[in-house]
**Q** 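I'd like to ask some things about the structure below.
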Amino acid sequence: MVKRKSDSRFDAVFPDPGRVGEFRAAIVAWFEENGADYPWRRTRDPYAILVSELMLQQTRIATVLERGYYLRWMERFPDWGALAAAAEDELLAAWEGLGYYNRARNLQKAARVVRDEHGGRMPESPDEVLALPGVGRYTAGAVLSFAFGTRAPVVDGNVVRVLSRLLAFEEPVDSGAAMKRFWEWAEALTPAEKVGAYNSGIMELGQRVCTKSAPGCENCPVSGFCRARSAGSVDRIPVKAGKAAVTRRVERVGVFTRDGRILLAREQGSRRRGLWRLPELTEEQASDLEECFRFPYSITRYRVDLRVFAGTPGALDALGEGGDLPGGADWHPFAGGAGLPPLGSPYRRAIERYREEGGEKVAGD
Ligand code: SF4
């Protein structure tokens, strides 16, 4: 165990190295017996592990697995070289639906660094792994421990929940100072042996047993260590300082079709570069068109009310666009949904619904 400065909260639960060893053993044994079988756990290929980690950064395991994203990606881009050489369109199309597209771009940038600077092999030094695009301390810890068995801690939301309850940490967990302590505690608890099983185990314990609203303390392999359980404070830990307020906004988009083609505009801004969208309308432009339907979607702290309007190409002229399409817009084949370029999820959903409701016939020539 790495020598730490004295920490009364930690020392109260883990007074000596023997107790730390018992805790690690309990987590590893529980994981070996109960751990879920995911494709990325059947490999030690650092590329496959990095793909899974970036996909799972902001997406649930069920989505990544059941909707086939991970396996499709691995078939299409099986290694660093294939991903490094892929065209951006192909990359974004394979990621479409997962959102937060910078993750896909960072994966490709990382693949190019591995190809160009490390001879096509993932570096094993923590500093070099941390220097890869899109790789923060958590992701570096996951790749190093799962692929190489390096003693590297991981701290994600699940680990924070487990550790805050174990140590009865009743202060807000969402501050830089608090996170620093969680990393120190995780560092002190992470074993040199079976580090992959331990790291997977403590995260999965938080995901499946030490859950947010219904922790299963009676089935918890480390309940004997847990101060929140003995103090009866499980329900109020972890403490959150409060979330940023949600901002509501209305977004109006138009569906314009012509000769079996649909008008799409390029997304602006670096986060969504390379993606396409339905053209945005001002309130005044939309007032001349028929509203087809509306639905809400969320992105970061925004709750967006997406209103979808349809118009004939004649209506497009009436919007004042004449022969000039809105900036960066272009006509794309519309038949059967095939051939559409990578689209943000709300716009693909809007196009599919528009088609299901027969809008293509109404608005087409
Ligand atoms: Fe979480 Fe309960 Fe286990 Fe404590 S005993 S770590 S609160 S599941």
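Whatever order the structure lists them in is the order used to number ligands and atoms, beginning at 1. Just so you know, these numbers use all the heavy atoms, side chains as well, and skip hydrogens, waters and symmetry mates.
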**Q** For Glu352, is there an ion pair with Arg355 - N to carboxylate O distance below 4.0 angstrom?
**A**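 Salt bridge absent between Arg355 and Glu352.
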
**Q** Using the side-chain hydrogen bond (donor to acceptor under 3.5 Å, both in side chains) rule, collect all pairs that involve residues 227-238, keeping only residues at least two apart or in two chains.
**A**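 Output for this query lists Glu170-Arg236.
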
**Q** Is a salt bridge present between Glu187 and Arg151, judged by a nitrogen-to-oxygen distance below 4.0 Å?
**A**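 Yes, charged N to carboxylate O under 4.0 Å.
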
**Q** Which residues and atoms, counting only protein N, O or S, are under 2.8 Å from atom 1 (Fe) of ligand 1?
**A**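 Atoms qualifying: Cys210 SG.
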
**Q** So if I apply the side-chain contact (heavy atoms from CB on, under 4.5 Å) rule between Leu264 and each of Leu340, Asp330, Leu275, Val255, which one comes out positive?
**A**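 Result for side-chain contact (heavy atoms from CB on, under 4.5 Å) with Leu264: Leu340.
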
**Q** With hydrophobic residues grouped by side-chain heavy-atom distances under 4.5 Å, do Val234 and Val209 end up in a single group?
**A**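 No; tracing contacts between hydrophobic side chains, which count when under 4.5 Å, never links both residues.
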
**Q** Do NZ/NE/NH1/NH2 and the carboxylate oxygens of Asp37 and Arg42 come within less than 4.0 Å?
**A**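 Yes, Asp37 and Arg42 are salt-bridged.
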
